[in-house]
Student: 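Here's a structure for you.
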Amino acid sequence: MAEEAVQKHFADSVVDGKSADQIKIVGMVIEHLARNGVFGPGLLYDSPFMEPSPDGPDGNFEGAEIENFLERVRTMNRTAPIDAPADVG
């Protein structure tokens, strides 16, 4: 998956007002999606995504923010190329 397209899809997740940890997590997800084409939301609760907070994304995002973020991940997964690797966690 083209990293530029993934970055554009998540642009609202890294705007001003987001914490450094939120931006770091979003950046790691973008890198994973660009490399693998898909991202299993369960990976957010594994290393290295747990490094910014021992509570995973729940420790860095509020309820509505995490739901919005996960919906963006699901949308990217649905639009992934058919030949994308199956590393979805």
Side-chain angles (χ1 to χ4, degrees):
M1 190 172 289
E3 187 167 353
E4 183 177 312
V6 178
Q7 288 176 342
K8 184 176 179 181
H9 184 74
F10 285 96
D12 289 346
S13 300
V14 292
V15 295
D16 291 339
K18 301 296 182 185
S19 73
D21 286 343
Q22 287 172 320
I23 293 170
K24 181 178 180 177
I25 291 169
V26 171
M28 291 189 304
V29 170
I30 289 170
E31 287 177 25
H32 185 93
L33 277 163
R35 273 195 318 269
N36 300 296
V38 292
F39 183 88
L43 291 172
L44 289 169
Y45 297 93
D46 290 334
S47 182
F49 303 98
M50 295 283 291
E51 290 173 11
S53 170
D55 295 323
D58 301 321
N60 289 298
F61 296 92
E62 298 295 322
E65 289 176 317
I66 190 66
E67 286 306 315
N68 183 322
F69 180 66
L70 290 174
E71 185 53 36
R72 289 176 186 270
V73 169
R74 289 182 199 106
T75 298
M76 292 304 293
N77 287 341
R78 285 192 300 268
T79 61
I82 293 173
D83 61 346
D87 183 12
V88 295

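These numbers come from a predicted model, not from an experiment. Note that the numbering runs from 1 along the sequence shown for the chain.
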Student: Enter the distance from M28:CE to I30:CD1 here, rounded to the nearest 0.5 Å.
Tutor: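 The CD1 atom of I30 is 11.0 Å from CE of M28, to the nearest 0.5 Å.
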Student: Applying side chain to side chain contact (heavy atoms under 4.5 Å, CB included), run through L44 and L70 and close with a yes or a no.
Tutor: CA-CA 10 Å; L44 289 169; L70 290 174; 3.6 Å; yes
Student: First locate atom CD of E65, then atom CG of D58, and finally report the distance between them rounded to the nearest 0.5 Å.
Tutor: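 Result: 11.5 Å between the selected atoms.
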Student: Okay, side chain of N77, backbone of F39: is any donor-acceptor separation there less than 3.5 Å?
Tutor: yes
Student: Among all residues two or more places apart in sequence or in another chain, which pass the salt bridge (charged side-chain N to carboxylate O under 4.0 Å, His left out) test with E51?
Tutor: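 Result, salt bridge (charged side-chain N to carboxylate O under 4.0 Å, His left out) vs E51: none returned.
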Student: Start with the C-alpha distance between R72 and E67, add both sets of side-chain angles, then the distance that settles salt bridge (charged side-chain N to carboxylate O under 4.0 Å, His left out), and finish with yes or no.
Tutor: CA-CA 9 Å; R72 289 176 186 270; E67 286 306 315; over 6 Å; no
Student: Has N36 got a side-chain atom pairing as donor or acceptor with H32's backbone, closer than 3.5 angstrom?
Tutor: yes
Student: Over 60° means perpendicular and under 30° means parallel, so tell me whether F69 and F61 are parallel, tilted or perpendicular.
Tutor: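 Answer is parallel, since the angle falls under 30°.
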Student: Working to the nearest 0.5 Å, report the span between NZ of K24 and OG of S53.
Tutor: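 If we round to the nearest 0.5 Å, K24:NZ and S53:OG are 11.5 Å apart.
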Student: I need the L43 CG to F49 CZ distance, nearest 0.5 Å.
Tutor: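 CZ of F49 is found 6.0 Å from CG of L43.
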